[in-house]
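Order of appearance sets the numbers: ligands from 1, and atoms from 1 within every ligand. Computed over heavy atoms, backbone and side chain alike; hydrogens, waters and symmetry mates excluded.
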Amino acid sequence: MPARTCLTIVLAAGEGTRMRASRPKVLHAIGGRTLLAHVLLAVRDIGGDAAVVIAPGQERVAEAAREILPQAAVFVQSERRGTAHAVLAARAAIERGADDILIVFADTPLITPQTLARLRAPLAQGRAVAVLGFRPADPGGYGRLVTQGGQLLAIREEKDASAAERAITLCNAGLMALKGDNALAILDRIRDDNAKHEFYLTDAVEIAHKSGLSAVALETEEDEVRGINSQGQLAEAEAVLQRRLRNAALEAGVSMVAPDTVFLAADTKLGKDVVIEPYVVFGPGVVVEDGVVIHSFSHLEGAHVGRGTSIGPYARLRPGARVGANVRLGNFVEVKEADIGDGVRLAHLSYVGDASVGAGALIGAGTITCNYDGREKHRTEIGENAFIGSNSALVAPVRVGDGAYVGTGSVVTDDVPAGALALGRGRQVIKEGWASRLRNMTSAGKKKSD
Ligand code: UD1
Ligand code: MG
């Protein structure tokens with residue numbers, strides 16, 4: 001039998017007023033990835049076509065969607081008149097006639113591709129509608145699933161529900177699968193004759209049932225279908241995601257003595273035999289190779305860390321930090337947009353930005369690459385096995401050749417040839433007996449005034 005075709009409609013027209021933030025709700029992030037991106041990645045995983053429904057003027061949401069699913073069709077819901085109205089904004093996509101139509105909410109980011117696939121399965125067995133249900137700790141505000149003998153008869157929105165219906169604990173997660181050949185006929189029959197005067201997608205169930213079609217409810221965990229409408233709910237979803245990410249890392253053999261204090265990003269990649277000490281934060285785009293130790297209080301983002309390297313404590317790797325193998329990158333070291341070669345020692349109190357450091361180089365404590373002249377950024381290049389004495393300032397653009405030495409405390413403004421020594425500091429002056437004379441003078445003065 002040929003595989004069934006699928007169209008997934010992602011509703012992203014949420015106002016998000018309860019977020020009290022200037023950015024659109026679905027562009028808030030958990031695990032360093034936007035809510036929209038989480039959902040679209042799950043959608044991409046199951047394959048097929050995708051349509052994203054946005055509110056007017058939310059071009060940023062459309063752009064963010066295209067970054068992940070360049071082929072996705074974007075539709076604008078002209079006014080907010082309910083979930084069925086939003087789905088029908090994508091009518092042109094539905095008319096193309098997929099076997100299965102999946103409807104997901106962009107503010108429900110923890111949904112897995114496995115559950116999306118599970119939701120489609122009843123359609124292949126002839127059901128017209130499948131709905132995802134869950135049993136929330138507090139059902140207040142959710143639609144209730146009215147079932148009888150394995151059939152789903154209706155979904156009742158809380159505002160329209162009778163007391164008996166409100167007592168039902170199985171609630172609507174909001175995700176729905178519709179058989180493509182019935183979908184438009186059902187959606188077009190939905191009316192806004194309810195408490196909120198909205199076109200409820202949930203009415204699709206009762207309409208299907210009354211036309212002799214069959215609907216079914218599947219169940220999942222509350223944690224997978226948490227919808228986000230406020231900063232508090234965003235933080236709760238973050239906690240669920242962090243638990244998932246930490247467990248997956250532990251499962252894969254990463255050592256963390258205090259996993260609850262480690263914050264991972266959804267795309268963090270950790271190799272074998274990696275040790276992460278307490279209180280480490282990963283922003284997006286970090287790859288850590290085998291045998292790396294990340295000591296406490298380090299912050300990594302957009303960085304690559306090579307095998308056997310040791311990071312921190314208190315290190316900061318910013319985007320574009322590419323750290324080689326067996327590097328010692330220690331406390332209060334910040335690296336940005338820089339290649340740090342294999343075996344480099346960069347152990348204390350340094351800033352290395354817009355730079356390359358050759359293999360085996362030693363960068364003394366307090367070394368700073370002065371990359372910014374107030375208008376533009378410039379590069380610093382340090383050769384292999386170079387030695388940069390402590391407390392040196394390398395004023396970019398500047399090059400230090402292979403095996404060269406820079407004397408401690410130098411301000412290096414000119415290129416240093418390979419194998420040379422550069423000294424860029426004031427010469428030391430000795431004044432014999434000066435301190436003793438000062439001491440004698442002050443003690444004589446003190447006696448007089450006694
Ligand atoms: C909806 C369900 C409810 C379910 C709950 C789960 C309906 C009528 N109700 O209620 O049964 O228990 O989700 O969280 O579907 N949206 C638009 N355009 C609109 C209206 C909504 O794009 O005109 C989008 C929203 O951005 C959101 C989603 O649809 O992503 C759900 O809308 P929301 O208003 O949050 O519905 P609920 O009242 O939570
Ligand atoms: Mg909602």
Query raised in the report: Has ligand 1 got any nitrogen or oxygen that is less than 3.5 angstrom from a nitrogen or oxygen of Asn229?
Result: no
Query - Given Asp160, Asp192, Asp193, Thr83, the one that forms side chain to side chain donor-acceptor pair (under 3.5 Å) with Tyr200 - result: Asp160
Query raised in the report: Considering only heavy atoms of Leu11, which atoms of ligand 1 have at least one such atom less than 4.0 Å away?
Result: 22 (O), 24 (C), 29 (O), 30 (O)
Report summary line: Going by the 4.0 angstrom heavy-atom rule, the piece of His85 near ligand 1 is neither
Query raised in the report: Counting each atom of ligand 1 from 1 as listed, which ones have a heavy atom of Asp107 under 4.0 Å away?
Result: 27 (C), 30 (O)
**Report entry** Residues forming a salt bridge (Lys or Arg N to Asp or Glu O under 4.0 Å) with Glu236, sequence neighbours excluded
**Finding:** Arg226
Requested in this report: Could you check which of Gly82, Ala13, Ala12, Ala86 puts a non-hydrogen atom nearest to atom 20 (C) of ligand 1?
Outcome: Gly82
Query raised in the report: Quick one: which ligand 1 atoms are inside 4.0 Å of a heavy atom on Thr202?
Result: 7 (C), 8 (C), 9 (N), 11 (O), 15 (O)
Query raised in the report: Is there a nitrogen or oxygen of Glu79 sitting under 3.5 Å from a nitrogen or oxygen of ligand 1?
Result: no
Query raised in the report: For the side chain of Glu158 and the backbone of Gly141, is there at least one donor-acceptor N/O pair under 3.5 Å apart?
Result: yes
Requested in this report: May I ask you to decide whether Arg144 forms a salt bridge with Glu157, counting only side-chain N to carboxylate O separations under 4.0 Å?
Outcome: no
Report task. Measure across Ala265 and Gly283 and return the closest heavy-atom pair with its distance rounded to 0.1 Å. Result -> CB-O, 3.4 Å
Requested in this report: Would you mind running through ligand 1 and noting each atom that sits below 4.0 Å from a heavy atom of Thr83?
Outcome: 7 (C), 8 (C), 15 (O), 20 (C), 21 (C), 29 (O), 31 (C), 32 (O)
Report task. Report yes or no: does Ala173 have a heavy atom closer than 4.0 Å to ligand 1? Result -> yes
Query raised in the report: Which is closest to atom 13 (O) of ligand 1 in terms of heavy atoms, Phe199, Tyr200, Phe134, Phe105?
Result: Phe105
**Report entry** Partners meeting side chain to side chain donor-acceptor pair (under 3.5 Å) with Arg91 (sequence neighbours left out)
**Finding:** Asp188
**Report entry** Nearest candidate to atom 33 (P) of ligand 1, where distance is taken over non-hydrogen atoms, out of Lys25, Arg80, Arg81
**Finding:** Arg80
Report task. Any atoms of ligand 1 less than 4.0 Å from a non-hydrogen atom of Gly143? List them with their elements. Result -> 3 (C), 4 (C), 11 (O), 12 (O)
Report summary line: Smallest heavy-atom separation, Gly97 atom then Thr5 atom, equals O-OG1, 4.5 Å
Query raised in the report: Closer than 4.0 angstrom: is that true for some heavy atom of Val53 and an atom of ligand 1?
Result: no
Query raised in the report: Donor-acceptor pair, Glu224 side chain versus Glu221 backbone, under 3.5 Å?
Result: no
Query raised in the report: Is Arg246 close enough and on-axis enough to Phe263, meaning under 6.0 Å and within 45°, for cation-pi?
Result: yes
Query raised in the report: Does Lys196 come within less than 4.0 Å of ligand 1, judged by its heavy atoms?
Result: yes
